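Quick caveat: nothing in here was measured; it's all calculated off a predicted structure.
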Amino acid sequence: MMDENFSVSLNLMKRALDTYWLRNSLISNNIANVDTPNYKRYDVDFSKVFDAATTMRLKTTDDRHIDTYANAEENGVIVRDNSTSQRLDGNNVDIDEEMSLLAQNTLLYNSLVQQLGNEYRRIRLAINEGRG
């Protein structure tokens, strides 16, 4: 039987991958709307994601179960930045900052994918009793 801590670790990695994927789509949407008047940028509130990941123990076993991010905007995971404005038309998307955040987010996502791959390689190694 698999250790519960190991299962929790894999679930946290999955949650983190989902969050980075969500952030990637939000940043891409921000970049697409860089010239839209009155558009305000969106981002992920990682503190809410962390709180939800450490306090909620929802287990889904089927694709038809409730999506974790189905109500992400309503439960505060997605935040809209209404506090700033970059231009006179009310848009607050700074393309340089968004491109930087996109690169950072992509690096974090890829490093997490690599860590997850390493976890599965260790499982396979343990199953094969250390024989490759």
Side-chain angles (χ1 to χ4, degrees):
M1 181 167 206
M2 195 177 294
D3 181 34
E4 184 176 322
N5 288 334
F6 183 75
S7 177
V8 169
S9 172
L10 287 180
N11 284 335
L12 285 175
M13 283 189 201
K14 180 193 176 303
R15 180 83 181 202
L17 283 174
D18 289 344
T19 304
Y20 288 131
W21 186 262
L22 174 66
R23 189 174 200 210
N24 196 60
S25 65
L26 292 174
I27 293 170
S28 297
N29 196 39
N30 291 341
I31 291 170
N33 285 293
V34 69
D35 292 326
T36 304
N38 296 318
Y39 179 83
K40 300 295 184 187
R41 66 178 303 275
Y42 288 90
D43 204 350
V44 172
D45 185 348
F46 279 94
S47 64
K48 298 261 174 134
V49 174
F50 181 76
D51 288 344
T54 55
T55 57
M56 292 175 49
R57 297 280 183 218
L58 296 178
K59 185 175 185 177
T60 59
T61 56
D62 190 290
D63 289 339
R64 292 174 291 176
H65 287 168
I66 297 171
D67 182 12
T68 308
Y69 291 112
N71 298 319
E73 191 166 357
E74 291 151 13
N75 61 25
V77 171
I78 297 175
V79 291
R80 186 176 187 193
D81 182 8
N82 289 317
S83 63
T84 60
S85 186
Q86 291 290 319
R87 299 186 314 239
L88 294 176
D89 66 359
N91 187 310
N92 67 351
V93 176
D94 180 350
I95 192 69
D96 293 330
E97 183 180 342
E98 297 298 325
M99 295 302 286
S100 174
L101 289 172
L102 186 63
Q104 178 190 32
N105 197 60
T106 301
L107 286 173
L108 290 170
Y109 183 87
N110 288 338
S111 67
L112 198 54
V113 166
Q114 191 173 15
Q115 284 181 333
L116 193 58
N118 290 339
E119 288 290 326
Y120 284 117
R121 273 190 282 284
R122 283 192 280 272
I123 292 171
R124 187 175 54 224
L125 191 63
I127 290 172
N128 292 331
E129 298 176 349
R131 289 177 266 157

Student check: side-chain heavy atoms of Val34 and Arg87 closer than 4.5 Å: yes
Q. Does any non-hydrogen side-chain atom of Leu22 lie less than 4.5 Å from one of Leu26?
A. yes
Those residues at least two apart in sequence (or on a different chain) that pass salt bridge (Lys or Arg N to Asp or Glu O under 4.0 Å) with Asp35 are none
Taken in chain and number order and not counting sequence neighbours, the residues that satisfy side chain to side chain donor-acceptor pair (under 3.5 Å) with Asn82 are none
Residues passing the side chain to side chain donor-acceptor pair (under 3.5 Å) test with Asp43, sequence neighbours excluded, are Arg23
The residue among Ile78, Asn33, Val93 that forms side chain to side chain contact (heavy atoms under 4.5 Å, CB included) with Tyr42 is Ile78
(request) Would you check if there is a donor-acceptor pair between the side chains of Tyr39 and Asn30 at a distance under 3.5 Å? (result) yes
d(Asn118 CG, Ile123 CD1) to nearest 0.5 Å is 11.5 Å
Query raised in the report: Do Arg41 and Glu98 come within less than 4.5 Å of each other through their side chains, counting heavy atoms only?
Result: yes
Hey, are the side chains of Val44 and Val79 touching, using non-hydrogen atoms and a 4.5 Å cut-off?
no
Would you say Met13 ends up clustered with Val113 if hydrophobic residues are merged whenever their side chains have heavy atoms under 4.5 Å apart, either directly or through other cluster members? yes
Distance col, row Leu10:CG vs Glu119:CD, nearest 0.5 angstrom, shows 6.0 Å
Taken to the nearest 0.5 Å, the spacing of Trp21 CH2 from Asn105 CG works out to 10.5 Å
Separation between CG (Asn92) and CZ (Arg80), nearest 0.5 Å, reads 8.5 Å
Taken to the nearest 0.5 Å, the spacing of Leu108 CG from Leu17 CG works out to 11.0 Å
Notebook entry, point to check: Do Thr19 side-chain atoms and Arg15 backbone N/O form a donor-acceptor pair below 3.5 Å?
Noted result: yes
Measure from the side-chain N and O atoms of Lys14 to the backbone N and O of Ser9, and report whether any donor-acceptor pair falls under 3.5 Å.
-> no
Q. Do you reckon Phe46 sits in the same ILVMFWY cluster as Leu101, going by side-chain contacts under 4.5 Å, direct or chained?
A. yes
ask   = Is Asn24 close to Leu102 at the side-chain level, that is, under 4.5 Å between some pair of heavy atoms?
value = yes
In this structure, OG of Ser111 is separated from OH of Tyr20 (nearest 0.5 Å) by 7.0 Å
